[in-house]
Amino acid sequence: MQASLTQALNGLRVSRETVQKLEHFASLFQKWARSINLVAPSTLEDLWRRHILDSLQLYQLSPGPKTWVDLGSGGGFPGVITAICLSEAEGGWVHLVESNNKKAAFLRVALRETGARGSVHPIRIEAAPAEIPSCDAISARALADLSQLLDYCAPWMLAEGSGTVAFFHKGRDYQQEVDKAVSRFQFDLIKHASVVEPDSVVLEIANLSRRTK
Ligand SMILES: C[S@@+](CC[C@H](N)C(=O)[O-])C[C@H]1O[C@@H](n2cnc3c(N)ncnc32)[C@H](O)[C@@H]1O
């Protein structure tokens, strides 16, 4: 691992045990990525910074939530990384929703081999609330625009008494997506600067409601 990455991981106060699990995940990922398209091949060389560190910042932002739902988990970002961060002692669980069967098979192996705290749901996101009735936090990266993401999250976030918060990785055009989403939804928004890409953010959304016309 490069010295700059080790420094970044130290800065995020990631334990030695978690780093070992992340290293095991990274080597599994590189092996499976030879036969399945888990991320854009051009980003594989920079797996640690572009994908692992990018995912890791999410859990560091919010270590509180216990039950997570990761939508469109793909190769495990950020869901598997979050599941690796959840220690057995503190409890918690990550539900990985991924409809692609090959990716779902990889996710199962990744959870099992790293001993991460989560399970795989090889179903469409639209069907997930029936299978996962409640959660504390939802995450999604590279899945859809903010309005679509909020539609996906609505069954959990709009439920009576729900305190579910959502975290979305977004690129430099995020403000346009926020402007579009506020025409349909009201929400509290915190923008966290990305530790990986200067123009990117993690949007944290709470107290979602639909606008009435
Ligand atoms: C671009 S990939 C991003 C994967 C991962 N979150 C990442 O950042 O690397 C989007 C993933 O979402 C899955 N996906 C898209 N729409 C979905 C849906 N409606 N239900 C379940 N999975 C979906 C796709 O199969 C794909 O693996």
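Atoms within a ligand are numbered from 1 in the order they appear, just like the ligands themselves.
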Show the atoms of ligand 1 that are less than 4.0 angstrom away from any heavy atom in Ser99.
20 (N), 21 (C), 22 (N), 23 (C)

Under 4.0 Å to a heavy atom of Lys103 - the qualifying atoms of ligand 1, by number
26 (C), 27 (O)

Atoms in ligand 1 flagged as close to Tyr152, the criterion being non-hydrogen separation under 4.0 Å:
19 (N)

Show the atoms of ligand 1 that are less than 4.0 angstrom away from any heavy atom in Glu126.
19 (N)

As an exercise, identify every atom of ligand 1 less than 4.0 angstrom from a heavy atom of Leu143.
12 (O), 14 (N), 15 (C), 16 (N)

For ligand 1 and Gly72, I'd like to know whether there is a polar contact (N/O to N/O, distance under 3.5 Å).
yes

Is it true that, when you exclude Lys180 itself, more than 12 heavy atoms of the residues, nucleotides or ligands shown sit nearer than 6.0 Å to its NZ?
no

For atom 9 (O) of ligand 1, what is the nearest protein heavy atom, given as residue, atom name and distance?
Arg141 NH2, 3.2 Å

Ignoring hydrogens and geometry beyond distance, is a side-chain donor-acceptor pair present between Glu204 and His192 at under 3.5 Å?
yes

Where is the nearest protein heavy atom to atom 7 (C) of ligand 1: which residue, which atom, and how far?
Phe77 O, 3.4 Å

When you check the gap from the basic side-chain N to the acidic O, do Glu113 and Arg108 get nearer than 4.0 Å?
no

Within the 4.0 Å heavy-atom shell around Arg124, which atoms of ligand 1 are there?
18 (C), 19 (N), 20 (N), 21 (C)

Answer with yes or no whether the side chains of Trp93 and Ser119 bring together a donor and an acceptor at under 3.5 Å.
yes

If you measure from each non-hydrogen atom of Ser73 to ligand 1, which part falls under 4.0 Å: side chain, backbone, both or neither?
backbone

Taking the six-membered ring for Trp, is the centroid-to-centroid distance between Phe106 and Phe29 below 6.0 Å?
yes

So Lys170 and Asp145, salt bridge (Lys or Arg N to Asp or Glu O under 4.0 Å) or not? Walk me through it.
CA-CA 9 Å; Lys170 284 288 162 193; Asp145 87 325; over 6 Å; no

Do His95 and Thr67 get their side chains close enough for a donor-acceptor pair, meaning under 3.5 Å?
no

Atoms of ligand 1, numbered as shown, that sit under 4.0 Å from any heavy atom of Glu98
11 (C), 12 (O), 13 (C), 24 (C), 25 (O), 26 (C), 27 (O)

Do you see a donor-acceptor pair shorter than 3.5 Å between the side chains of Asp70 and Ser73?
yes

Worked check of ring pair (Phe, Tyr, Trp, His ring centres under 6.0 Å) between Trp32 and Phe25
CA-CA 10 Å; Trp32 278 65; Phe25 172 76; over 10 Å; no

Can you check whether Val97 has an N/O within less than 3.5 Å of an N/O in ligand 1?
no

Does Leu71 come within less than 4.0 Å of ligand 1, judged by its heavy atoms?
no

Ignoring hydrogens, just give me the one of Ala142, Pro122, Ala40, Gly74 whose non-hydrogen atom is nearest atom 3 (C) of ligand 1.
Ala142

Does any N or O of ligand 1 fall below 3.5 Å from an N or O anywhere on Ile125, backbone included?
yes

Gap separating the CG atom of Leu56 from the CD1 atom of Ile52, nearest 0.5 angstrom
8.5 Å

